[in-house]
Amino acid sequence: MGHQRLTSAAGPLLPRGFFHRPALTVARDLLGVVIEHAGVAVRLTEVEAYDGANDPASHAYRGETARNAVMFGPPGHLYVYFTYGMHFCMNLVCQPEGTASAVLLRAGEVISGRDAAAKRRPGSTVRDLARGPARMCRALDIDRALNGVDVTRRTSVVTVRRGIPIGEDLVTTGPRVGIAEAADRPWRLWIAGEPTVSVYRPHVRRARRR
DNA sequence: AAGAGGATGGCCT
DNA sequence: GGCCATCCTCTTC
């Protein structure tokens, strides 16, 4: 486990306007941003953009449903979904109400609350505490109860704060992870050289159950 | 009412 | 590299 780093690079809350832009633009600016909940802070090193109705890989591509309703709401809200019967993943909603784009938070570096994160992810190395979308949710104790939370409010239980800006030379792009449709769009963004960036995995169709 | 498959992760060889 | 846990959601019948 080791000791806890007490320094935090987190600055002011991101304003609503930050999210009031296309997902790809927001995704780029989310690199280096700090998300905090339940005593743990994570500096984002890897994100993916999803462009709603124009993106076959987006949960919102076929229109609004009970699950994706938050994506169609105002920007700056958390969209949390449950997958594979055991994992949660989280997005930050972009664009004005009615436009369902979002950024999936894929990986980051735990910069404070390491012990709390390690307690939620026993056996994990420090590097792997938030290396992957479901791992990051676990480390931050994010689940369906937080679906729809407005992270731009100062009183929000989940906060998203400015970090140290990432230079253009470090921003890297590539295809998104684990999706069947529109896998060619290079809408996965990460910080070059960061050890917490997840390993790329292409989509594989699962065998039929019996 | 039923079936398919999932924006994953941990463990195995 | 492969396997598969586990349950929710959407699609189709």
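The chains referred to below are lettered A, B, ... by the order of the sequence lines, with proteins before strands, and numbering in each begins at 1. What's counted below: heavy atoms across the whole structure, side chains too, no hydrogens, waters or symmetry copies. All values derive from a computational prediction rather than experimental measurement.
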Is there a donor-acceptor pair closer than 3.5 Å between any side-chain N or O of A/D150 and the backbone N or O of A/T152?
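Yes.
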Under a 3.5 Å distance rule, please check whether A/D51 uses its side chain to pair with a backbone N or O of A/S101 as donor and acceptor.
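Pair absent, no side-chain N/O of A/D51 close to backbone of A/S101.
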Nearest to the side chain of A/N91, heavy atoms from C-beta on, is which of B/dA7, C/dT11, B/dG6?
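The answer is B/dA7, which lies nearest to the side chain.
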Qualifying residues under ring-ring contact (aromatic ring centres under 6.0 Å, His included), relative to A/F88, sequence neighbours excluded:
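Partners of A/F88 under the ring-ring contact (aromatic ring centres under 6.0 Å, His included) test: A/F82.
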Using the six-membered ring of A/F18, assess whether NZ or CZ of A/R21 lies under 6.0 Å from its centre and within 45 degrees of the ring axis.
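Yes, cation above the ring, under 6.0 Å and within 45°.
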cation_pi(A/R176, A/Y50) dist<6.0 Å, angle<=45:
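Yes, A/R176 sits over the ring of A/Y50.
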Looking only at the side chains, is there a donor atom on one of A/E46 and A/T196 sitting less than 3.5 Å from an acceptor on the other?
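Distance-only check fails for A/E46 and A/T196.
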[atom1]/[X] to [atom2]/[Y] distance, rounded to the nearest 0.5 angstrom?
X	Y	atom1	atom2	answer
A/S156	A/L146	OG	CG	8.5 Å
A/R185	A/D55	CZ	CG	5.0 Å
A/L129	A/R131	CG	CZ	11.5 Å
A/L44	A/I35	CG	CD1	6.5 Å
A/R106	A/M90	CZ	CE	12.0 Å

A/I164 atom CD1, neighbour heavy-atom count above 12 within 6.0 Å:
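Not buried by this count: 12 neighbours or fewer within 6.0 Å.
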Contact under 4.0 Å: A/R106 side-chain N or O vs B/dT8 OP1/OP2
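Checking A/R106 against B/dT8: at least one side-chain N or O falls below 4.0 Å of OP1 or OP2.
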With a 4.0 Å heavy-atom cut-off, tell me which residues in [range] come close to DNA chain B, sorted by residue number.
range	answer
residues 133-149 of chain A	A/P133, A/A134, A/R135
residues 42-49 of chain A	none
residues 51-60 of chain A	A/A57, A/H59

For [X] and [N], what is the distance between atoms [atom1] and [atom2] respectively, to the nearest whole Å?
X	N	atom1	atom2	value
A/E181	C/dC10	CD	P	17 Å
A/F82	B/dA7	CZ	P	13 Å
A/I179	B/dT8	CD1	C1'	14 Å
A/F88	B/dG9	CZ	C1'	15 Å
A/L105	B/dT8	CG	C1'	15 Å
A/Y61	C/dT9	OH	C1'	19 Å
A/L129	B/dG10	CG	P	11 Å
A/D128	B/dG10	CG	P	8 Å

Walk me through whether A/D128 and A/R121 qualify under salt bridge (charged side-chain N to carboxylate O under 4.0 Å, His left out).
CA-CA 9 Å; A/D128 286 351; A/R121 300 214 351 96; 5.7 Å; no
Reading DNA chain B from 5' onward, which residue's closest nucleotide shows up sooner: A/S198 or A/A180?
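The residue mapped nearer the 5' terminus is A/A180.
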Both A/R67 and A/R121 contact DNA chain B. Taking the nearest nucleotide for each, which residue is further toward the 5' end?
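That would be A/R67.
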May I ask you to decide whether A/R43 forms a salt bridge with A/E36, counting only side-chain N to carboxylate O separations under 4.0 Å?
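Judged by the 4.0 Å cut-off on N to carboxylate O distance, A/R43 and A/E36 do not form a salt bridge.
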Is the shortest side-chain N to carboxylate O distance from A/E168 to A/R28 below 4.0 Å?
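A/R28 and A/E168: salt-bridged.
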When Watson-Crick pairs (N1 to N3 and N6-O4 or O6-N4) and G-U wobble pairs (N1-O2 and O6-N3) count only below 3.5 Å on both distances, what is the dot-bracket string of DNA chain C, with | for other-strand pairs?
|||||.||||||.
How is A/R188 classified with respect to the nucleic acid when contacts are heavy atoms under 4.0 Å: base, sugar-phosphate, or nothing?
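The answer is nothing, as A/R188 stays clear of every strand by at least 4.0 Å.
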Using a heavy-atom cut-off of under 4.0 Å over every strand shown, decide if A/R176 touches base, sugar-phosphate, or nothing.
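Nothing: the residue A/R176, judged by heavy atoms under 4.0 Å, touches no strand.
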Which value, in whole Å, describes the distance between the P atoms of nucleotides C/dT6 and B/dA2?
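The answer is 23 Å between these two P atoms.
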Does the ring of A/Y81 lie flat against the base of B/dA7, closer than 5.5 Å centre to centre with planes under 30°?
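No.
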Can you give me the N/O atom pairs linking the protein to nucleotides 1-5 of chain C at distances under 3.5 Å, or say none if there are none?
from: C/dA5; atom 1: N6; to: A/R206; atom 2: NH1; distance (Å): 3.3

Quick check: closest heavy atoms across A/D141 and A/A38, and the distance to 0.1 Å?
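In terms of heavy atoms, the two residues are closest at CB-CB, 4.1 Å.
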List the steps and the verdict of salt bridge (charged side-chain N to carboxylate O under 4.0 Å, His left out) for A/E109 and A/R114.
CA-CA 10 Å; A/E109 174 196 7; A/R114 183 187 291 175; over 6 Å; no
